[in-house]
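Here the structure is a predicted model, which means the values were calculated and not measured.
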Amino acid sequence: IFEAAQLIARGLSMYKAVYFFLGNIPGALSYIIPIAALVATILVFGSLSADSEIIAMRACGISLSQIMLTPVLISTLLSVLCLFLNNDVSPESAYIRLSSRKDLKASDIKAFIEPGRFVEFDNRSVYVGAIKDNELDDLRIMETKDDGSTREIRAKSAFIITTNETTSLDMRDVTIDPIQTGKLGVGKADRVVYPLTYHDNGGGSTAPRKRRIKDEHTWVLIKNIVI
């Protein structure tokens with residue numbers, strides 16, 4: 001909720017903020033459910049023990065296995081639910097949430113960018129030192145290629161430009177390392193227009209975003225390890 005409120009305060013629309021908030025819930029539940037179950041178990045059995053109710057139940061002929069039957073069944077069901085969340089729901093929601101950043105506009109991008117931190121956009125990690133209106137200072141982009149190689153692009157300043165199809169960065173005083181994929185060498189330029197996001201105007205969808213390892217389902221990771 002706090003993160004969603006921050007995004008709205010930075011200019012992100014209410015609809016998109018709620019969308020990203022809901023996308024975080026499956027991942028949060030995988031941590032919340034085990035902790036909540038642990039706390040509930042401690043409180044319930046601590047209270048039963050303090051009031052000697054467990055001794056009273058056993059004195060009435062109720063065995064310890066019967067007392068533990070319901071908690072064990074509930075914990076088993078919660079474990080299955082957490083397994084489903086971690087294996088199917090959480091990776092898919094994270095993938096959809098990050099893929100939707102391709103459709104962000106200039107105002108939305110500024111809402112997600114946090115000065116002094118790397119923020120992921122598609123296959124790029126973007127770092128900004130400071131934001132002044134539509135200008136980004138001390139820009140760094142760590143770009144990951146399909147073959148796994150990385151390229152660093154640095155600019156002293158950049159301006160966000162939004163058209164009907166793309167959101168681009170008009171970068172000034174640029175350094176690119178390496179200048180070409182697979183080749184050593186640093187390139188420099190006074191100005192580079194760098195496409196950051198792509199929008200679909202109904203004429204066809206853009207290429208799907210490549211999944212990160214943490215966005216993959218468990219069975220896919222096991223299959224890749226075995227192969």
* Within the side chain of N86, is there an N or O that forms a donor-acceptor pair under 3.5 Å with the backbone of C82? ->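 Yes; judged by distance alone, with no hydrogens or angles, the pair exists.
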* Backbone N/O of V89 and side chain of E92: donor-acceptor pair under 3.5 Å ->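 No, the answer is negative, given that no donor and acceptor are paired below the 3.5 Å cut-off.
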Nearest non-hydrogen partners of [X] and [Y], listed with the distance:
X: V193; Y: S168; answer: CG1-CB, 3.9 Å
X: P178; Y: T150; answer: CD-O, 3.9 Å
X: S90; Y: G27; answer: OG-CA, 3.4 Å
X: Q66; Y: G61; answer: OE1-O, 4.0 Å
X: A130; Y: P115; answer: CA-CB, 4.3 Å

* Answer yes or no: is there an ion pair linking D177 with R151, defined by an N-O contact shorter than 4.0 Å? => no
* Asked: Would you call D170 and R172 a salt bridge, using N to O less than 4.0 angstrom?
  -> yes
Do the side chains of [Y] and [X] get nearer than 4.5 Å, heavy atoms only?
X: R140; Y: E152; answer: yes
X: D138; Y: R154; answer: yes
X: T175; Y: V186; answer: yes
X: L139; Y: Y127; answer: no
X: M142; Y: I153; answer: no
X: I33; Y: L81; answer: yes
X: L169; Y: F159; answer: no

[X], [Y]: one ILVMFWY side-chain cluster at the under-4.5 Å cut-off?
X: I62; Y: L69; result: no
X: I74; Y: L83; result: no
X: F118; Y: V128; result: no
X: I25; Y: F84; result: yes

Which donor-acceptor pairs under 3.5 Å do side chains of residues 39-58 form with protein atoms, sequence neighbours excluded?
{"unit_1": "T41", "atom_1": "OG1", "unit_2": "A37", "atom_2": "O", "d": "2.7"}

* Asked: Taking ILVMFWY side chains as joined if any heavy atoms are under 4.5 angstrom apart, and letting links pass through other members, which residues group with V226?
  -> I222
* **Interatomic spacing from OG in S30 to CG in N87 - rounded to 0.5 Å** => 12.0 Å
* To do: Rounded to the nearest 0.5 Å, what's the gap from CG on D190 to NZ on K156? Could you check?
  =>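 Here the interatomic distance stands at 12.0 Å.
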* **Stepwise salt bridge (charged side-chain N to carboxylate O under 4.0 Å, His left out) check, D137 with K132** => CA-CA 8 Å; D137 292 336; K132 301 176 183 177; 3.5 Å; yes
